[in-house]
Amino acid sequence: MKILVLSDSHSALSFMRSCMDAVKPDIVIHLGDYFDDAEAIAEEYPGTRMYQVPGNCDRYRCRPGQPEILIPRIGGALLYMTHGHRHNVKLTEGLLLRDARAAGAAAALYGHTHEAVCALEEDGLWVMNPGSCGYGGGSAGLMEISDGKIKNCRILRQAD
């Protein structure tokens with residue numbers, strides 16, 4: 001199962017569309033800023049399942065009460081999804097990692113910093129920030145899950 005992870009699109013949809021066409025993901029995760037960009041992509045690619053959380057710029061871009069954290073089981077793996085602003089990820093990943101571990105997640109997915117990160121912690125927790133698919137041209141994350149385990153996790157850049 002291929003999962004495309006996007007964040008911080010800020011109304012720049014062209015890189016998102018390029019990723020959709022190139023990767024042909026089974027699932028798309030949008031981690032906020034701008035929530036309605038993910039809704040537009042979901043309409044354009046109706047056969048692809050979409051998960052999304054709002055970011056700090058989404059107050060008027062999604063319905064009130066939209067959950068800021070989702071922890072779904074996808075392909076058998078539990079994924080912790082948030083934009084990251086409530087976890088102060090611009091200062092440290094500490095709160096995010098604590099909460100993802102407490103939830104028993106296989107991966108902590110976040111945005112907000114516009115800096116792409118993909119790392120495997122010593123305890124087996126994957127940590128991914130896909131960077132910004134809007135500002136600066138684009139980066140995204142790609143995860144592959146098989147048999148309930150994350151088999152591959154990497155950052156895609158506009159030149160890829």
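Along the sequence shown, the residues carry numbers beginning at 1. Because the structure is predicted, anything quoted here is derived from the model rather than measured. Heavy atoms only: backbone and side chains are in, while hydrogens, waters and symmetry mates are out.
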Taking the side chain as every heavy atom from C-beta outward, state whether Ile41 and Glu43 have any atom pair closer than 4.5 Å.
no
- Got Trp126 and Cys118 here, is their nearest side-chain heavy-atom distance under 4.5 Å? yes
Is the closest side-chain heavy-atom distance between Leu97 and His87 below 4.5 Å?
no
Review point. Does NZ or CZ of Arg17 lie under 6.0 Å from the centre of the six-membered ring of Phe15, at an angle within 45° of the ring axis?
Key: no
field: Side-chain donor or acceptor of Asp147 paired with backbone N/O of Lys149 under 3.5 Å
entry: no
SG of Cys133 to CD of Gln158, rounded to nearest 0.5 Å, is 10.5 Å
I want to check something: taking the side chain as every heavy atom from C-beta on, are Pro130 and Leu31 in contact at a cut-off of under 4.5 Å?
yes
Here the gap from Ile145 atom CD1 to Ile150 atom CD1, rounded to the nearest 0.5 Å, amounts to 5.0 Å
* Residue pair Asp21 / Tyr45, side-chain donor-acceptor N/O under 3.5 Å -> yes
So CE of Met128 and CZ of Arg154: to nearest 0.5 Å the spacing works out to 9.5 Å
Legend entry - Side chain to side chain, Ile71 and Met81, heavy atoms closer than 4.5 Å: no
- Joint cluster assignment, Leu13 & Met50, ILVMFWY side-chain distance < 4.5 Å: yes
Rounding to 0.5 Å, atoms SG (Cys153) and CG (Leu120) come to a distance of 8.5 Å
Please tell me whether Asp37 and Ser9 have a donor and an acceptor in their side chains that are separated by less than 3.5 angstrom. yes
Rounded to the nearest 0.5 angstrom, the NZ-OG1 distance for Lys90 and Thr92 is 14.5 Å
ILVMFWY network linking Ile3 to Leu109, side-chain heavy atoms under 4.5 angstrom: yes
In this structure, CG of Asp8 is separated from OG of Ser132 (nearest 0.5 Å) by 5.0 Å
**Study point:** Min side-chain heavy-atom separation Val127-Tyr110 under 4.5 Å
**Key:** yes
Output yes when Glu39 and Arg61 qualify as a salt bridge under the 4.0 Å nitrogen-oxygen rule, no when they do not. no
Tightest non-hydrogen contact, residues Ile155 and Ala116, listed as CG2-CB, 3.8 Å
Using only atom types and a distance under 3.5 Å, with no angle test, would you say the side chain of Gln52 pairs donor to acceptor with the backbone of Ile29?
no
message: Centroid separation under 6.0 Å, is that true for the rings of His30 and His83?
response: no
Applying a strict under-4.5 Å side-chain criterion to I, L, V, M, F, W and Y, I'd like to know whether Tyr51 and Leu79 cluster together. yes
Polar side-chain atom of Asn56 near backbone of His85 as donor-acceptor pair, under 3.5 Å: no
Taking every heavy atom of Pro54 against every heavy atom of Pro67, the minimum-distance pair comes out as CD-O, 3.1 Å
- Query: Any side-chain heavy-atom pair from Met1 and Ser146 closer than 4.5 angstrom?
  - Reply: no
Q.
Quick check: is Val89 connected to Leu125 through a chain of hydrophobic side chains (ILVMFWY, heavy atoms under 4.5 Å apart)?
A. yes
May I ask whether Leu142 and Met20 are part of the same hydrophobic cluster, defined by side-chain heavy atoms of I, L, V, M, F, W, Y residues being less than 4.5 angstrom apart, directly or through others? yes
(message) Are more than 12 heavy atoms, taken from residues, nucleotides or ligands other than Lys151, located less than 6.0 Å from that residue's NZ atom?
(response) yes
Chi angles and distances behind the side-chain contact (heavy atoms from CB on, under 4.5 Å) call for Thr48, Leu4: CA-CA 10 Å; Thr48 306; Leu4 180 63; over 6 Å; no
**Study point:** Polar side-chain atom of Asn152 near backbone of Met143 as donor-acceptor pair, under 3.5 Å
**Key:** no
* Taking Asn129 for its side chain and Gly111 for its backbone only, find out whether a donor-acceptor pair lies under 3.5 Å. => yes
Ion pair Lys2/Asp26, N-O distance below 4.0 Å: no
Side chains of Ile69 and Tyr80: closer than 4.5 Å at any heavy-atom pair?
yes
#### Entry: Worked verdict on Asp123 versus Arg101 for side-chain contact (heavy atoms from CB on, under 4.5 Å)
CA-CA 10 Å; Asp123 64 357; Arg101 286 181 175 117; 2.4 Å; yes
Could you check whether His112 and Ser7, counting side-chain N and O atoms only, form a donor-acceptor pair closer than 3.5 Å?
no
Fill in: Flag, side chain of Thr82 to backbone of Glu68, donor-acceptor distance under 3.5 Å
yes
TODO: Check whether any side-chain N or O of Asp99 sits under 3.5 Å from a backbone N or O of Leu96 as a donor-acceptor pair, and report yes or no.
DONE: no
